[in-house]
Each structure stands twice: as C-alpha cells, then as structure tokens.
Number of protein chains: 2
Amino acid sequence: MEFKEAKNKFVQSWGALGSQWGINKTMAQIHALLMVSNQPVSMEDIMDELQISRGNASMNLRALIDWGIVYKAFKPGERREFFTAEKDLDELAVKISKERSKREIKPALKVLKEVSSIEISGAEDEKHFKEQTGKLYDFVLKADNVLDKITEYRENWLTKLVMKIMS
Amino acid sequence: MEFKEAKNKFVQSWGALGSQWGINKTMAQIHALLMVSNQPVSMEDIMDELQISRGNASMNLRALIDWGIVYKAFKPGERREFFTAEKDLDELAVKISKERSKREIKPALKVLKEVSSIEISGAEDEKHFKEQTGKLYDFVLKADNVLDKITEYRENWLTKLVMKIMS
DNA sequence: ATAAACTTTCATTTTTTTTTGAAAGTTTAA
DNA sequence: TTAAACTTTCAAAAAAAAATGAAAGTTTAT
C-alpha cells in the first residue's frame with residue numbers, strides 16, 4: 001500500500017466510524033483529512049480531495065470549529081482561509097467528551113431528574129418506574145462526573161487512567 | 001406530571017438520545033420501555049405503546065437481543081413471547097461497551113494498523129501521516145483496553161472507578 | 001396431520017438526513 | 001468606492017435510513 005492509498009483508506013474509514021458516533025460522514029472525513037495533513041488545508045483542497053460541494057465543506061468546517069477541534073489558520077500572504085485540526089489526541093478526546101456531555105448528557109440528566117421525581121401512588125409499576133429512572137439518573141450523573149474529572153487531568157489522562165486501573 | 005406522562009417522556013427522550021449514539025430511535029425506545037416495565041412485555045404491547053408496526057418491533061427486538069441487553073421471557077400458560085431488558089446498569093454498560101468495541105473499535109484498529117504501517121519515502125507529509133496514524137493507533141488501542149479492564153471488574157466498576165479517580 | 005397463534009422476512013414506501021449549488025454576504029486591496 | 005476573491009446560507013434535490021405490512025415461516029395443541 002502506498003501513501004495516497006493509505007491516506008484515502010484512513011479518511012474513508014474514519015468517515016464511516018464517525019457516522020456510527022453521531023457525527024456525520026463528511027464532518028468526520030474532513031477531520032480525518034486535516035488530522036493527517038502536515039500543512040493547513042484550504043477549503044478548495046478539501047472539496048477537491050473529498051469530492052464534495054462548497055456548501056457542504058463550508059457547513060461541516062464550521063461545525064468542526066464549533067466543536068473546537070478544527071481551527072482556522074492563516075498563511076502569510078494568502079488571502080483565503082486554511083484549516084488545521086487539533087492534533088493532540090488527549091486534547092481532542094477531552095474536547096469531544098466535553099461537547100458531548102454538554103449536548104447530550106446534560107439534557108438527558110434533566111429529563112431523568114424530572115421523570116424520577118414524580119409523585120406516585122402505591123402501584124407497583126409506578127414504584128418500579130421511579131426506582132429505575134432514579135438509578136439511571138445516579139448512574140449517568142456519576143459517569144458524567146468521571147468525564148469532568150478526566151478533563152481536569154488534562155495531560156495524558158488516558159495513560160494515567162490506565163495506570164490506575166491496572167494497579 | 002403523572003405516571004403516564006413521565007413514562008412517555010422518558011421513552012421519547014431515551015429514543016432521541018439513542019439516535020445520537022448510533023442506535024436507532026425505535027431500538028432505544030423499545031429498550032427504554034422495557035427498562036421501566038415491571039413485568040415482561042409482549043410484542044403486541046410494544047407495538048401498541050410505541051405505535052410501530054409488527055415488522056419494526058420484531059426487527060428491533062431481535063437487534064436488542066443480539067446486543068445482549070434484552071431477553072426473551074416466558075409467562076407460564078402463555079404461548080406468545082414476552083421481553084425484558086437487562087436492568088442492572090453496570091451489566092448494561094459493560095454489554096454495550098463490549099458490543100461497540102467489537103463492532104466499531106476493533107475494525108478501526110485494524111485499519112489504523114494497516115495504514116500506519118506503510119513504507120514511506122522521506123517526504124515530510126508521508127512522515128507526518130505515518131506518525132499521526134501511529135499515535136492514533138496507540139491511543140485507540142489504549143482506550144479499548146480500558147474498556148476490557150473495566151469489563152473484568154464486573155460489579156460496580158463505575159463506583160470503583162470514581163473512587164480511584166477521586167483519590 | 002392440521003389449523004390456530006404467533007413471529008420473521010423483505011420488497012416497497014415513508015421519513016430523515018445530507019448534499020448541492022447558486023444567490024447573497026463579506027472582506028480585502030487598490 | 002468598487003470589484004475581485006472568497007465564504008456562507010438555504011431552498012431544493014438526492015441519498016440514506018427506517019418503517020410498513022402482507023406473505024412466508026414456525027411452533028404448539030389437539
């Protein structure tokens with residue numbers, strides 16, 4: 001396998017993976033492309049390499065920037081914008097975790113808190129509902145806090161976590 | 001808010017969450033419904049409560065069973081099948097992690113290993129590609145191993161993990 | 001063996017998500 | 001100020017994913 005083929009394979013696979021994780025294919029592909037690029041890449045080049053339209057490129061780049069994992073970069077003497085991806089993997093993981101927590105876990109917790117707080121009659125099914133959603137609330141809250149803690153570590157948290165767990 | 005409303009809200013929200021996590025809406029809803037049900041539920045009841053077709057219910061139930069988080073249950077004297085969900089949350093989390101690892105992480109690792117192993121010329125961009133995908137491979141491998149370790153804990157791993165991290 | 005009770009399958013339809021591309025908007029240089 | 005260079009927006013089109021439902025398949029009781 002030579003370079004171009006490998007690069008293409010990586011971009012395609014990363015795109016497929018993205019779509020299983022609630023990130024759309026193009027967004028993941030753009031990110032993949034930027035991750036393995038030495039130099040900042042222009043929108044033109046992205047469109048060209050991924051064979052996508054201008055609008056698509058623009059929208060997904062903006063989304064990646066919103067997620068905080070792609071940055072605008074400027075080249076001296078160049079008018080147009082270039083883009084780079086966050087390349088530090090710890091930093092990347094932290095940013096993605098934070099963003100997903102904010103967008104998905106926090107709202108879910110809100111619902112769980114609400115529904116687990118209903119006043120119930122003595123009926124068995126109502127008791128069970130309240131108990132089960134209550135447990136779920138505690139569980140998700142705890143899991144979310146683990147993410148927060150991890151974020152505090154910043155540097156190399158995964159390595160450190162592995163150490164702790166192995167010990 | 002009263003019981004029925006709360007139950008409905010929970011099922012709807014869990015469904016929405018599911019679709020952000022690569023699990024389809026109905027699958028997540030069925031799971032939610034079973035999670036908070038006191039008693040095993042028949043396919044008929046699921047169709048009725050979620051307003052979905054027989055085929056849809058059948059396919060998604062089967063998928064949930066494949067994931068190992070929903071079980072068939074039999075009621076004495078009843079001919080048709082009933083279903084229950086895994087209600088222990090630690091067990092549930094472990095099963096979901098394992099399944100996602102198998103379906104998504106392992107294949108991704110395979111690709112990462114392949115593409116990071118290419119023979120390269122001395123060109124800067126090729127070097128960078130190899131280095132970056134290599135790092136990604138190590139990172140993902142490590143993350144996946146954390147999941148495996150967690151699985152070994154079995155009982156209450158989340159609590160124990162929180163303890164370790166806090167300490 | 002057969003028919004009733006139930007479940008699964010899968011071609012078709014529906015819904016949802018993503019992409020396109022042209023028009024509108026913005027920025028910069030002269 | 002203006003026009004060239006570039007980016008964003010968004011309605012419409014295309015593509016992808018999910019749902020339907022009727023026919024085929026299974027199981028069980030008699």
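All figures in this text were calculated on a predicted structure; none of them were measured in a lab. First the proteins, then the strands, lettered A, B, ... as listed; each starts at 1.
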Problem - Salt-bridge criterion met for Glu44(A) and Arg80(A) (N-O under 4.0 Å) - result: no
Practice task
Specify the separation, in whole Å, of atom CD of Glu81(B) and atom P of dT26(D).
Solution key: 14 Å
Handout entry: Close side-chain approach of Leu136(B) to Phe10(A), heavy-atom, < 4.5 Å
Key = yes
Practice task
Kindly say if Arg62(B) contacts the phosphate of dT9(C), meaning a side-chain N or O under 4.0 Å from OP1 or OP2.
Solution key: yes
Problem - Interatomic distance where CE belongs to Met43(B) and C1' belongs to dT9(C) [whole Å] - result: 12 Å
Practice task
Return no unless some side-chain N or O of Thr26(A) is found under 4.0 Å from OP1 or OP2 of dT19(C).
Solution key: yes
Problem - Nucleotide of dT18(C), dT9(D), dT8(C) approaching Ser58(A) most closely (side-chain heavy atoms) - result: dT9(D)
Handout entry: Pair of N/O donor and acceptor under 3.5 Å linking dT8(D) base with Arg54(A) side chain
Key = no
Fill in the blank from the handout: Judged by nearest nucleotide, the residue sitting upstream toward the 5' end of DNA chain D, Asn56(B) or Met59(A), is Met59(A)
Exercise for the section: Specify the separation, in whole Å, of atom CG of Leu64(B) and atom P of dA18(D). Expected result: 13 Å
Fill in the blank from the handout: Winner on side-chain proximity to Arg80(A), out of dT8(D), dT7(D), dT27(D), is dT7(D)
Practice task
Grab the CE-P distance between Met47(A) and dT20(C) for me, whole Å please.
Solution key: 9 Å
Fill in the blank from the handout: Taking dA5(C), dT19(C), dA19(D) as options, the one with an atom nearest any side-chain atom of Ser53(A) is dT19(C)
Handout entry: Length of the line joining Ile30(B):CD1 and dT7(C):C1', which is rounded to integer Å
Key = 14 Å
Problem - Donor-acceptor contact below 3.5 Å, side chain Lys95(B) vs main chain Trp67(B) - result: no
Side-chain atoms of residues 104-115 of chain B: list all donor-acceptor pairs with protein atoms under 3.5 Å, sequence neighbours left out, distances to 0.1 Å.
{"residue": "Glu104(B)", "atom": "OE1", "partner": "Trp21(A)", "partner atom": "NE1", "Å": "3.1"}
{"residue": "Glu104(B)", "atom": "OE1", "partner": "Arg100(B)", "partner atom": "NE", "Å": "3.1"}
{"residue": "Glu104(B)", "atom": "OE1", "partner": "Arg100(B)", "partner atom": "NH2", "Å": "3.0"}
{"residue": "Lys106(B)", "atom": "NZ", "partner": "Ser101(B)", "partner atom": "OG", "Å": "3.2"}
{"residue": "Lys106(B)", "atom": "NZ", "partner": "Asp144(B)", "partner atom": "OD2", "Å": "3.4"}
{"residue": "Glu114(B)", "atom": "OE1", "partner": "Lys9(A)", "partner atom": "NZ", "Å": "2.4"}

Handout entry: Cationic N near anionic O, under 4.0 Å, Glu2(B) to Lys4(B)
Key = no
Practice task
Nearest whole angstrom, please: distance from the C1' of dT9(D) to the CG of Asn60(A).
Solution key: 14 Å
Practice task
In whole angstrom, give the distance that lies between atom CG of Leu61(B) and atom C1' of dA19(D).
Solution key: 14 Å
Exercise for the section: Could you check how far CG of Asn24(A) sits from P of dT20(C), rounded to whole Å? Expected result: 11 Å
